[in-house]
Amino acid sequence: MSRMTADLTRTTKPGGAISRRRLLATGCSDAFRPPVIRGGLIGAADVLTMSTTRWLLTDQPLAREYTRADIAPDFPTWGQTNPSDEVYQQHLSEGFANWSLSVGGLVERPRWFSLDELKRLASRTQITAHVCEQGWSAIGEWTGAPLAQVLEAAGGVTPDARYVVFESADGWYESIDMFEVVHPQTILAYRLNGDDLPVGNGAPLRLRVERQCGYKNIKFVSAIRVVDSVAGIRRGTGGLSSDFGFHWYGGV
Ligand SMILES: Nc1nc2c(c(=O)[nH]1)N[C@H]1C(S)=C(S)[C@@H](COP(=O)(O)O)O[C@H]1N2
Ligand SMILES: [Mo]
């Protein structure tokens with residue numbers, strides 16, 4: 001984690017305000033409270049306003065996007081590449097035709113999404129650099145449904161929503177805060193470089209959070225849950241990586 005530690009020296013921006021990276025990277029995730037979204041649902045306009053505001057206020061622009069010419073010929077696979085979980089293997093053998101994503105917790109209408117339903121939502125395609133904390137990076141083109149769209153299709157989040165928690169078929173779990181949730185590049189990706197997501201890269205669905213390190217980009221996502229606190233989840237830090245000592249906000 002040495003390069004993330006080095007980032008801690010960049011603590012202030014020109015205006016003198018303490019950057020959010022520092023707040024979070026020093027383990028102060030409790031000190032950081034995203035604004036409560038009033039009025040029940042996150043409307044499209046709210047999402048836009050909120051992400052614009054956050055961008056202006058906290059100096060968190062889009063992650064850099066590249067061109068097709070920059071795409072790595074072979075995007076690596078890393079960590080788990082084929083979960084042995086029985087249910088997962090069944091879905092894999094059926095080409096994920098009967099797979100569905102559970103969306104629950106603090107949403108107005110908890111529901112399931114088939115892969116086709118996710119693909120029918122508005123999509124976003126982005127060519128970005130994946131940066132693994134273990135010393136490699138690769139550029140790939142990801143296509144998926146913006147997470148904000150998915151939550152919208154579940155009726156929007158309730159006023160006390162603060163985090164989205166992701167569960168994976170291999171037992172991995174992670175969470176991100178509502179700021180990251182509504183960021184335009186936060187997508188649930190089902191395609192890599194124009195093809196269905198390969199198994200090794202997290203088929204049928206993986207998270208892309210382009211401003212955070214590899215380990216936050218959880219693969220084989222099977223369920224997402226909106227919560228007001230991550231304290232009750234496993235060891236209580238909000239993710240497998242952070243439960244084992246990595247920063248919860250794994251800024252690149
Ligand atoms: N469920 C799950 N998600 C995961 C992992 C994993 O082992 N299991 N590895 C993480 C790490 S450390 C990295 S670098 C990326 C690797 O993504 P890739 O296999 O598409 O290269 O996935 C992340 N998400
Ligand atoms: Mo990684």
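As the structure lists them, so they are numbered: ligands from 1, and atoms in each ligand from 1.
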*asked:* Closer than 4.0 angstrom, basic N to acidic O: yes or no for E65 and R124?
replied: yes
*asked:* Within this structure, what is the CG-CG distance for the pair L121 and D116, rounded to the nearest 0.5 Å?
replied: 11.0 Å
*asked:* The test is side chain to side chain donor-acceptor pair (under 3.5 Å); show your working for N201 and T77 and say whether it passes.
replied: CA-CA 6 Å; N201 301 107; T77 60; 5.8 Å; no
*So, F220 versus W99, ring centres under 6.0 angstrom or not?*
no
*Could you check whether the rings of H130 and W136 sit parallel, tilted or perpendicular, using 30° and 60° as the cut-offs?*
parallel
May I have a table of the N/O to N/O pairs between ligand 1 and the protein that fall below 3.5 Å, each row giving the two atom names and the distance to 0.1 Å?
{"unit_1": "ligand 1", "atom_1": "1 (N)", "unit_2": "S168", "atom_2": "OG", "d": "2.9"}
{"unit_1": "ligand 1", "atom_1": "1 (N)", "unit_2": "D170", "atom_2": "OD1", "d": "2.9"}
{"unit_1": "ligand 1", "atom_1": "1 (N)", "unit_2": "D170", "atom_2": "OD2", "d": "3.1"}
{"unit_1": "ligand 1", "atom_1": "1 (N)", "unit_2": "K219", "atom_2": "O", "d": "3.2"}
{"unit_1": "ligand 1", "atom_1": "3 (N)", "unit_2": "K219", "atom_2": "N", "d": "2.9"}
{"unit_1": "ligand 1", "atom_1": "7 (O)", "unit_2": "Q80", "atom_2": "N", "d": "2.8"}
{"unit_1": "ligand 1", "atom_1": "8 (N)", "unit_2": "D170", "atom_2": "OD2", "d": "2.7"}
{"unit_1": "ligand 1", "atom_1": "17 (O)", "unit_2": "R206", "atom_2": "NH2", "d": "3.0"}
{"unit_1": "ligand 1", "atom_1": "19 (O)", "unit_2": "W78", "atom_2": "N", "d": "2.8"}
{"unit_1": "ligand 1", "atom_1": "19 (O)", "unit_2": "W78", "atom_2": "O", "d": "3.4"}
{"unit_1": "ligand 1", "atom_1": "19 (O)", "unit_2": "G200", "atom_2": "O", "d": "3.4"}
{"unit_1": "ligand 1", "atom_1": "19 (O)", "unit_2": "K219", "atom_2": "NZ", "d": "2.6"}
{"unit_1": "ligand 1", "atom_1": "20 (O)", "unit_2": "N201", "atom_2": "ND2", "d": "2.9"}
{"unit_1": "ligand 1", "atom_1": "20 (O)", "unit_2": "R206", "atom_2": "NH1", "d": "3.0"}
{"unit_1": "ligand 1", "atom_1": "21 (O)", "unit_2": "P76", "atom_2": "O", "d": "2.9"}
{"unit_1": "ligand 1", "atom_1": "22 (O)", "unit_2": "R206", "atom_2": "NH2", "d": "3.4"}
{"unit_1": "ligand 1", "atom_1": "24 (N)", "unit_2": "N217", "atom_2": "O", "d": "3.1"}

*Applying ring-ring contact (aromatic ring centres under 6.0 Å, His included), name anything that partners W112, two or more places apart in sequence or on another chain.*
none
